[in-house]
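The block underneath contains the structure these notes are about, expressed in structure tokens.
Hydrogens, waters and symmetry mates are skipped; everything else that's a heavy atom, side chains included, is used. All values derive from a computational prediction rather than experimental measurement.
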Amino acid sequence: FQLNSTSSLRPSQKEAIECALSNVVSAIHGPPGAGKTFTLSALIRIWIAQRKQRGLSCRILISAGQYSALSVLAGALSGHAISSKCYTFGFRQTAQVEMKALLNTIQKANPSSEYHEQQEMVVFAIAHQAKKLEKSMGVFDLIIVDEASQLTLRNYLGLLRLVKSV
């Protein structure tokens with residue numbers, strides 16, 4: 001999966017993805033309607049493809065301060081085949097049903113350490129669930145924080161604790 005093969009991306013979106021793929025921490029910002037969600041969706045797909053090609057684990061946490069941001073990103077991913085198992089964590093029942101409608105392969109994660117050994121998964125979780133996530137799901141290779149400016153510093157730092165040490 002080459003970045004060049006994503007011809008629907010604008011040059012600034014390709015640049016943002018290249019930056020994110022080559023740095024430990026990066027931020028994608030812009031005004032409403034700039035295509036940030038579309039860019040994140042492409043980034044996730046490219047990242048998974050590159051990791052799989054190298055035989056590396058693909059544990060992704062997608063988080064935000066509110067469910068609405070997660071549902072928009074899930075909707076952006078829904079038109080693309082993601083072979084990784086997708087889970088929600090800590091969602092209320094109505095939100096779980098809505099996410100299932102967006103990504104029909106998504107499952108509700110039950111608090112349990114059985115997920116620690118899973119090498120390939122995408123987890124959608126609200127940021128304030130970080131402490132519970134660490135116990136139940138373990139650490140992640142990639143963390144996407146959508147609408148990061150809406151998080152408290154405490155929640156943001158809690159998510160950063162979930163990044164796998166390099």
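At a threshold of 4.5 Å between side-chain heavy atoms, the hydrophobic network of Ile, Leu, Val, Met, Phe, Trp and Tyr places Phe140 and Val163 in one connected group. Val24 and Val139 fall into different hydrophobic clusters, where Ile, Leu, Val, Met, Phe, Trp and Tyr side chains are chained together by heavy-atom contacts under 4.5 Å. When the side chains of ILVMFWY residues are joined at heavy-atom separations under 4.5 Å, either directly or via intervening members, Ile144 and Leu56 end up in two distinct hydrophobic clusters.
Side-chain contact check for Phe124 versus Ser71: every heavy-atom pair is 4.5 Å or farther apart. At least one side-chain heavy atom of Gln66 sits under 4.5 Å from a side-chain heavy atom of Gln150.
The one candidate from Asp146, Leu142, Val122 that meets the side chain to side chain contact (heavy atoms under 4.5 Å, CB included) condition with Ile62 is Val122. For the side chain to side chain contact (heavy atoms under 4.5 Å, CB included) with Ser57, the qualifying choice from Met121, Gln119, Lys52, Glu120 is Gln119, the only one to do so.
Here the shortest heavy-atom pairing between Leu162 and Gly138 reads CD2-O, 3.9 Å. Nearest heavy-atom pair, Ala76 versus Ser41, reported as atom, atom and distance to 0.1 Å: O-OG, 3.3 Å. Scanning all heavy atoms of the two residues, the minimum distance from Glu147 to Ala69 falls at CG-CB, 3.8 Å. Taking all atoms of both residues into account, the shortest heavy-atom contact from Ala34 to Gln13 is O-NE2, 3.9 Å. Nearest heavy atom pair, residue Ala16 against residue Ile28, reads CB-CG1, 4.1 Å. Heavy atoms only, all atoms of each residue included: Ile126 and Phe91 are closest at N-CE1, 4.2 Å.
To the nearest 0.5 Å, atom CG of residue Asp141 and atom NZ of residue Lys164 are 4.0 Å apart. Distance check: Thr39 OG1 to Glu15 CD gives 11.5 Å after rounding to the nearest 0.5 Å. Note that the CG atom of Leu151 and the CG atom of Leu159 stand 6.5 Å from one another [nearest 0.5 Å]. Rounded to the nearest 0.5 Å, atoms OH (Tyr156) and CZ (Arg161) are 15.0 Å apart. Distance check, rounded to the nearest 0.5 Å: CD1 of Ile17 to CG of Leu40 gives 8.5 Å. If you take OG1 on Thr88 and CD on Gln129, they are separated by 10.5 Å, rounding to the nearest 0.5 Å.
Within the 3.5 Å criterion, the main-chain N or O of Ala125 finds a donor-acceptor partner in the side chain of Ser63.
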*asked:* Quick one, Leu160 with Ile143, criterion side chain to side chain contact (heavy atoms under 4.5 Å, CB included). Give me CA distance, side-chain angles, the key distance, then yes/no.
replied: CA-CA 8 Å; Leu160 288 179; Ile143 296 180; 5.9 Å; no

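Heavy atoms from other residues, nucleotides or ligands lying under 6.0 Å from CZ of Phe38 number more than 12.
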